[in-house]
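Read through the structure below, which is laid out as structure tokens, and then see the notes.
Residue numbering restarts at 1 for every chain, and letters A, B, ... go by the order of the sequence lines.
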There are 2 protein chains.
Amino acid sequence: MRDSADLKKAGLKATLPRLKILTILEGAKERHMSAEDVYKALLDSGEEVGLATVYRVLTQFETAGLVIRHNFEGGRAVFELNQGHHHDHMVCVECGKVFEFYDPAIEARQRKVAETNGFVMEEHSLYIYGTCDGLKKSGVCSKKTRSSTLV
Amino acid sequence: MRDSADLKKAGLKATLPRLKILTILEGAKERHMSAEDVYKALLDSGEEVGLATVYRVLTQFETAGLVIRHNFEGGRAVFELNQGHHHDHMVCVECGKVFEFYDPAIEARQRKVAETNGFVMEEHSLYIYGTCDGLKKSGVCSKKTRSSTLV
DNA sequence: TCCAAAATGAGAATAGTTATCGTTGGCTTG
DNA sequence: CAAGCCAACGATAACTATTCTCATTTTGGA
């Protein structure tokens, strides 16, 4: 559970809007939210926070390492709390759900490729797009209209 | 060298704007161009093509499999001619240059991960962001202001 | 050559995001 | 505990990338 101490540690004042946004990110059922999603969640819980502030704070959180920004297909950025352990993503193009995975072999090969080419890797992103058919059978994929949810 | 035959094979009329755009994509020094880049290149070579047409045609080319669209960090889409052989990308955050690579082991592991999780993979994208220090020594990295070129 | 259908170009419209600026609030000092 | 400074906020304007609209022009076949 993050609180004002985490904000101060990140060099940010512990203001009300920042704490509220942090709370939303922690309590959300979907770990990956767009700025708009966070804004709507705030409104739904009766909080008065401007959209501009949401964008501003999310960017500050990203800079501070508290959240990670993703640019999935579609041009809309999504954010997730940085839980410390790196992982990659599989995005279902049918239902828009995002699944996380970690593969040591892939990580190792990426470092190898960068090194071999004299490239100093700062970060990397790997997204697998497809349909969660197998998962769908178990009720996970709710089959919304394609690309309506995927951002 | 692509020509009107390739367009017809893709189910597209061989119109002048389409041929011009194809020519630009083939002749460009940078294989990865944004719609704006293509538009400017057309103007520079004295061609009269509207920006809307560039966007429209690039999307049609993508659908037809002639080009591949990438969403690098920064929210701007870039396009490259589809040369048939799949590859991933390393993007230099200093000079904006894009390097391509192909690693069979990574490809195999990705398929494995998708399969293991009951996920039917349609496509995937792997981007490594960093600095081409080693390459820079050999004069490849021109060290422009950071992120001005990277899109 | 003629025509219908498809494509184009100019500009309006949209979506997502960032910048501006007067007001508010957190926090330190007295 | 009050005062004040500066960072942060909220509303909204501005911006960037992209798509849509629609009147005009091309393309490719009859």
- May I have the distance from L19(B) (atom CG) to dT8(C) (atom P), rounded to whole angstrom? 10 Å
- Using a heavy-atom distance cut-off of less than 4.0 Å, which residues of residues 39-50 of chain A contact DNA chain C? none
- Query: Do the side chains of E107(B) and D88(B) get nearer than 4.5 Å, heavy atoms only?
  - Reply: yes
- Query: Roughly how many Å is it from CG in N71(B) to P in dA15(C), rounded to a whole number?
  - Reply: 18 Å
- Item | Length of the CZ-P vector between R69(B) and dT18(D), whole Å | 7 Å
- Got V113(A) and Q110(A) here, is their nearest side-chain heavy-atom distance under 4.5 Å? no
- Item | Length of the CG-C1' vector between L7(A) and dC9(D), whole Å | 15 Å
- Applying side chain to side chain contact (heavy atoms under 4.5 Å, CB included), run through T59(B) and R69(B) and close with a yes or a no. CA-CA 8 Å; T59(B) 299; R69(B) 179 195 303 256; 3.2 Å; yes
- If you link ILVMFWY side chains whenever their heavy atoms are less than 4.5 Å apart, which other residues fall into the same cluster as Y102(B)? By chain and number, please. none
- Item | R109(A) CZ to F101(B) CZ distance, which is reported to the nearest 0.5 Å | 10.0 Å
- Task: Please state how far atom CZ in R18(A) lies from atom P in dG25(C), giving the value in whole angstrom units.
- Result: 15 Å
- Query: Reading nucleotides 21-30 of chain D from the 5' end, what letters show protein touch, with B for base, S for backbone sugar-phosphate only, - for no heavy atom under 4.0 Å?
  - Reply: B-----BS--
- Query: Rounding to a whole Å, what distance do you find between I21(A):CD1 and dG10(D):C1'?
  - Reply: 12 Å
- Note on the structure: Hits for side-chain hydrogen bond (donor to acceptor under 3.5 Å, both in side chains) against T53(A), two or more places apart or cross-chain, chain-then-number order -> R56(A)
- Query: Think Y55(B) has a side-chain N or O under 4.0 angstrom from the OP1 or OP2 of dT19(D)?
  - Reply: no
- Under 4.0 Å between a side-chain N or O of T53(A) and OP1 or OP2 of dG10(D)? yes
- Task: Assess whether atom CD of E123(A) is packed by more than 12 heavy atoms of other residues, nucleotides or ligands within 6.0 Å.
- Result: yes
Give me the distances for all protein-to-nucleotides 2-4 of chain D N/O pairs that come in under 3.5 Å?
none

- Task: Each residue besides Y55(B) in its hydrophobic cluster should be listed here, by chain and number; the cluster joins Ile, Leu, Val, Met, Phe, Trp and Tyr at side-chain heavy-atom distances under 4.5 Å.
- Result: L7(B), L12(B), L19(B), I21(B), L22(B), I24(B), L25(B), M33(B), V38(B), Y39(B), L42(B), L43(B), V49(B), L51(B), V54(B), V57(B), L58(B), F61(B), L66(B), V67(B), F79(B), L81(B)
- Exceeds 12 heavy-atom contacts within 6.0 angstrom, atom CD of Q83(A): yes
- Atom CG of L51(A) and atom P of dC9(D): how far apart are they, to the nearest Å? 14 Å
- Message: Run the side chain to side chain contact (heavy atoms under 4.5 Å, CB included) test on F119(B) and I128(A) for me, step by step, so that the C-alpha distance in whole Å, both residues' side-chain angles and the decisive distance to 0.1 Å come before the verdict.
- Response: CA-CA 9 Å; F119(B) 207 85; I128(A) 294 179; 4.3 Å; yes
- Query: Between dA8(D) atom P and L22(A) atom CG, what is the distance in whole Å?
  - Reply: 15 Å
- Which of K97(A), H89(A), H70(A) passes side chain to side chain donor-acceptor pair (under 3.5 Å) with H32(A)? Answer is H89(A)
